[in-house]
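Excluded from the calculations below are hydrogen atoms, water molecules and symmetry mates; all remaining heavy atoms, backbone and side chain alike, are included. The chains referred to below are lettered A, B, ... by the order of the sequence lines, with proteins before strands, and numbering in each begins at 1.
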There are 2 protein chains.
Amino acid sequence: MTNNPPRRRATIHDVAKRAGVSITTVSHALNGKGVIADATRQRVVETAADLGYSPDAIARGLRSRRLGILGLVIRPLDTLGSYQPEGVDYFLRFAGAAAVEALDRGYGLALMRDPTVGNAPGIALAADGFIISDPVASDPVIELLTRNGIAVVAVGRDIERPEFSAWLGAGTHTNTDAVIQHFLERGATRIAIVTGEDNNSWNADSELTYRAWAAECGQAPLVYHQDEGLGEAGGRALAERMLASGEPLPDAIYCLTGRHAAGMQAGLQAAGYLIPDDIMIASGSDSEQTRNSAPPITSIDLAPEATAKAAVTFLVELLDGVPDADPGADPDSDGGGDPVPPEVDYRIRDRASTRSIG
Amino acid sequence: MTNNPPRRRATIHDVAKRAGVSITTVSHALNGKGVIADATRQRVVETAADLGYSPDAIARGLRSRRLGILGLVIRPLDTLGSYQPEGVDYFLRFAGAAAVEALDRGYGLALMRDPTVGNAPGIALAADGFIISDPVASDPVIELLTRNGIAVVAVGRDIERPEFSAWLGAGTHTNTDAVIQHFLERGATRIAIVTGEDNNSWNADSELTYRAWAAECGQAPLVYHQDEGLGEAGGRALAERMLASGEPLPDAIYCLTGRHAAGMQAGLQAAGYLIPDDIMIASGSDSEQTRNSAPPITSIDLAPEATAKAAVTFLVELLDGVPDADPGADPDSDGGGDPVPPEVDYRIRDRASTRSIG
DNA sequence: TCCGGCATGTAAAACGTTTTGGGTATTTTT
DNA sequence: AAAAATACCCAAAACGTTTTACATGCCGGA
């Protein structure tokens, strides 16, 4: 029906000419800026609508240094090299939720790869702000962006950049304690932990928390590391290594990744051990593998959607300024104006890979 | 260590001044455009590196009408209203893979919501091109974008816009035939289909293909529809409706969505039917639910990663022109230059919800 | 000595906005 | 009636590039 072949978009000049005013007036009328006669404003608005005019985001961005795009960099995917199944459960849910939240707040969300590779940051530096998921130690991406004056919010801290404070925790400390507690309540006496090898805070802080607990209660720490990219095979291989070592096995194993946990469980079962009777297993990240192993594996639900939403909220407040400018409204806030990272609730999904309590 | 507090990015002017040349020369030297003495070019390049200069993507975009961002709109998510679990398996894997592929080709990928809602297309019209996943009939998003001269590639056709040809099939016709064939080989005599209610080509063409088969072999078509958003509950409800209707049940049911299939299977089992002995079930979209039901459900692997990659490839070729400008290289290509949608391989995952062959 | 051509470089326009700093009527005040 | 205030509007600069079209100096050939 409307077979208009319009090749060219209407510009502010077209609107100005058609409405018989200057482009300044059009800009003001449309943005509610200057002081304009009501009749004029209305005429401009109508003309703009007639012409199907909408301001060019690029030109606007050039002038006002604000493109309306948030960047998202998922560091584990950079080191992994691709969006493997490993990432599907957590990271892609994270990305999807972040996109929706960004859109709700008037931004687009662009997935980007590490902008420091190659020497062309390219489009990356055009984004208004960035979310970096699971930064590595002294993350060069954070370095690049902050050096260029771009706002950055991280999910998980940069473990070697204490001065960088714009990050949200993923509850790592609390979650690790919760899992240990969970094991203890179910009669564990010898707890081990299996982390990944990426140099990020999830791995580091989980281990730290575990070691602190071990030191406190006098248990010799049983810490294992395994490449995240190896997935279930990696978990199975580690199980075999533990069996072959001849040392007494732990009676409870906390694997951070769901795939390590699933592989570990399968490996132990293959050697004749019963889960959870002989050994209990838990995972630090719920995923399809933990939900559908036999038995299903007790896991932390990292709540990717809630975390993503919190990260976007945090970043947008950093960019636009905290809307709540009412001083004294929040007696706990000292600065009053500086945004504070929102809290996210995690919970442990209690499944059959750990014994019933009692 | 490098505690440079640089607030402002270096511009092309800074480089020009430092290198003692004009900005034109800098631009040319860096883009390999004009004809410049080698010594000069080298000096400019070094100066630029010194200053950590990289061209501002926004300014470049304004001038050259090319931002370096691809937009992705997933229509079922728009109608669904959010990134629910339903979408996790397929759509988020799709988005992730599309992002990686776009990055490999020098673009960022921005997830966007339907840009026709609200009257502010905003950032959407700044993207260089768009991928629309599963457009609805006469999709207004395609209308908006093409009217503004923005390249669009769709995954799945717009069933009421035959003139729009820049789409990749998702193998719907072939896949439907494959499932029917699969059922027949396993002794099915009364096959039903359950589609969703979104007005897209996946639903429409699956039904069309099914009806064509039914007409040809003289079976009365058994077509059911159910809201995609209802998920497993919807599948279960439909099973109950079929049971309550008093009509003879089909002995094979093809549910497009994995969740409908899982719910349908559970609903029939609850009524005492055996899967696959009494009734076989298959799904048109592999997902966690189909993999992990009891029994696991035979499904089409829609290969979201491959499809996403193909869509990005197609779009980028549309934008940049097909690199292969060698005429006669491909004897099958008639036009020679116009990009052609790439092919994607789907396959059927044969599981226990359908009987063994023979 | 003059001219055409070549090699190298540059000034300025253009992209479509937002924003600054007036300018011109009209009205109000004295 | 002149000065001051008000209300409305606009020209031009600026954002950082790319690109067009031209300028300059030098050389060799007539």
Side-chain angles (χ1 to χ4, degrees), chain A residues 7-45 47-48 51-68 120-123 125-128 148-150, chain B residues 7-45 47-48 51-68 120-123 125-128 148-150:
Chain A
R7 281 247 104 1
R8 202 181 66 90
R9 282 177 61 181
T11 76
I12 197 173
H13 287 99
D14 301 329
V15 178
K17 195 170 299 173
R18 184 87 109 66
V21 295
S22 73
I23 63 167
T24 306
T25 302
V26 175
S27 177
H28 283 168
L30 261 29
N31 298 321
K33 281 294 174 60
V35 36
I36 301 194
D38 272 352
T40 310
R41 157 167 287 125
Q42 189 148 343
R43 184 156 39 93
V44 169
V45 169
T47 313
L51 261 42
Y53 167 77
S54 73
D56 182 284
I58 303 182
R60 170 184 294 207
L62 179 58
R63 179 60 228 232
S64 50
R65 312 272 50 169
R66 189 178 166 293
L67 226 205
I123 189 68
L125 296 184
D128 298 348
N148 283 95
I150 299 179
Chain B
R7 282 250 101 2
R8 202 182 67 91
R9 282 176 62 179
T11 75
I12 196 172
H13 288 99
D14 301 328
V15 178
K17 196 169 299 172
R18 184 86 109 66
V21 294
S22 73
I23 62 167
T24 306
T25 302
V26 176
S27 177
H28 282 167
L30 262 28
N31 298 321
K33 281 295 174 60
V35 36
I36 302 193
D38 272 351
T40 311
R41 156 166 289 123
Q42 189 148 341
R43 182 157 38 92
V44 169
V45 169
T47 313
L51 262 41
Y53 167 77
S54 72
D56 182 283
I58 303 181
R60 170 183 292 205
L62 179 58
R63 179 60 229 229
S64 51
R65 311 271 53 175
R66 189 178 166 292
L67 226 204
I123 190 68
L125 295 184
D128 298 348
N148 282 95
I150 300 179

Colleague: Determine the contact category for B/I36: base if any of its heavy atoms lies under 4.0 Å from a base atom, sugar-phosphate if only primed atoms, P, OP1 or OP2 are that close, otherwise nothing.
Modeller: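 Answer is sugar-phosphate: B/I36 comes under 4.0 Å of backbone atoms only.
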Colleague: Between the side chains of A/S54 and A/R9, does any donor sit under 3.5 Å from an acceptor?
Modeller: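 Note: A/S54 and A/R9 side chains meet the donor-acceptor criterion.
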Colleague: Excluding sequence neighbours, so at least two apart, what forms salt bridge (Lys or Arg N to Asp or Glu O under 4.0 Å) with A/D14?
Modeller: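 Only A/R8 meet the salt bridge (Lys or Arg N to Asp or Glu O under 4.0 Å) criterion with A/D14.
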Colleague: Taking all non-hydrogen atoms of both residues into account, name the closest pair between B/H28 and B/R41 and its distance.
Modeller: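 Distance-wise, the nearest heavy atoms are O-NH2, 3.9 Å.
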Colleague: Return the OG1 to CG distance between A/T25 and A/L30, rounded to the nearest 0.5 Å.
Modeller: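 Here the interatomic distance stands at 11.0 Å.
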Colleague: Check whether any side-chain heavy atom of A/R43 sits under 4.5 Å from a side-chain heavy atom of A/T40, and report yes or no.
Modeller: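 They are in contact (side-chain heavy atoms under 4.5 Å apart), so the answer is yes.
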Colleague: What is the distance from atom OH of B/Y53 to atom NE2 of B/H13, rounded to the nearest 0.5 Å?
Modeller: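 So the gap between those two atoms works out to 9.5 Å.
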Colleague: If we check side-chain contact (heavy atoms from CB on, under 4.5 Å) with A/S27, which of these qualifies: A/I23, A/N31, A/T24?
Modeller: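 That would be A/N31.
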Colleague: Given atom CD1 of A/I12 and atom P of D/dA11, what is their separation to the nearest angstrom?
Modeller: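 Distance, rounded to whole Å: 13 Å.
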Colleague: To the nearest 0.5 Å, what is the distance between CG on A/L62 and CG on A/L67?
Modeller: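 Nearest 0.5 Å value for the CG-CG distance: 9.5 Å.
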Colleague: To the nearest 0.5 Å, tell me how far A/K17 NZ sits from A/L51 CG.
Modeller: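 Going from the NZ atom of A/K17 to the CG atom of A/L51 covers 11.0 Å.
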Colleague: Once you round to the nearest 0.5 Å, how far does CD1 of B/I58 lie from CZ of A/R60?
Modeller: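 Output value for this atom pair is 12.5 Å.
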Colleague: What's the CD1-P distance between B/I58 and D/dT18, to the nearest Å?
Modeller: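 Spelled out: CD1 on B/I58 to P on D/dT18 is 14 Å.
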Colleague: Of B/R41 and A/T11, whose nearest nucleotide on DNA chain C comes first from the 5' end?
Modeller: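 Per heavy-atom nearest nucleotide, the more 5' residue is B/R41.
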Colleague: Below 4.0 angstrom, which residues in residues 13-21 of chain B have at least one non-hydrogen atom near DNA chain C?
Modeller: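 Those residues whose heavy atoms fall under 4.0 Å from DNA chain C, taken from residues 13-21 of chain B in numerical order, are B/V21.
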Colleague: Between which nucleotides of DNA chain C, read 5' to 3', does contact with chain A run, using atoms under 4.0 Å from its heavy atoms?
Modeller: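 Listed 5' to 3', the contact boundaries are C/dG16 to C/dT20.
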Colleague: Are the charged groups of B/D56 and A/R65 less than 4.0 angstrom apart, N to O?
Modeller: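 Salt bridge flag = yes for A/R65 with B/D56.
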Colleague: Can you pull out how bent the helix from C/dT1-D/dA30 to C/dT30-D/dA1 is, comparing the axes over its first five and last five pairs, to 10°?
Modeller: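 Roughly 80°, once rounded to the nearest ten degrees.
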Colleague: List in chain and number order the residues that pass side-chain hydrogen bond (donor to acceptor under 3.5 Å, both in side chains) with A/R63, two or more places apart in sequence or in another chain; answer none if no residue qualifies.
Modeller: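 Testing A/R63 for side-chain hydrogen bond (donor to acceptor under 3.5 Å, both in side chains), a comparison that skips the adjacent residues, returns none.
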Colleague: Rounded off to whole Å, could you give me the NZ-to-C1' distance for the A/K33 and D/dC8 pair?
Modeller: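 A/K33 atom NZ is separated from D/dC8 atom C1' by 18 Å.
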Colleague: Backbone N or O of A/R66 within a donor-acceptor pair of the A/D128 side chain at under 3.5 Å?
Modeller: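 A pair under 3.5 Å: no.
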Colleague: Using a strict heavy-atom distance below 4.0 Å, which residues from residues 23-30 of chain B are in contact with DNA chain C?
Modeller: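 B/T24, B/T25 - these, ordered by number, are the residues of the stretch whose heavy atoms sit under 4.0 Å from the strand.
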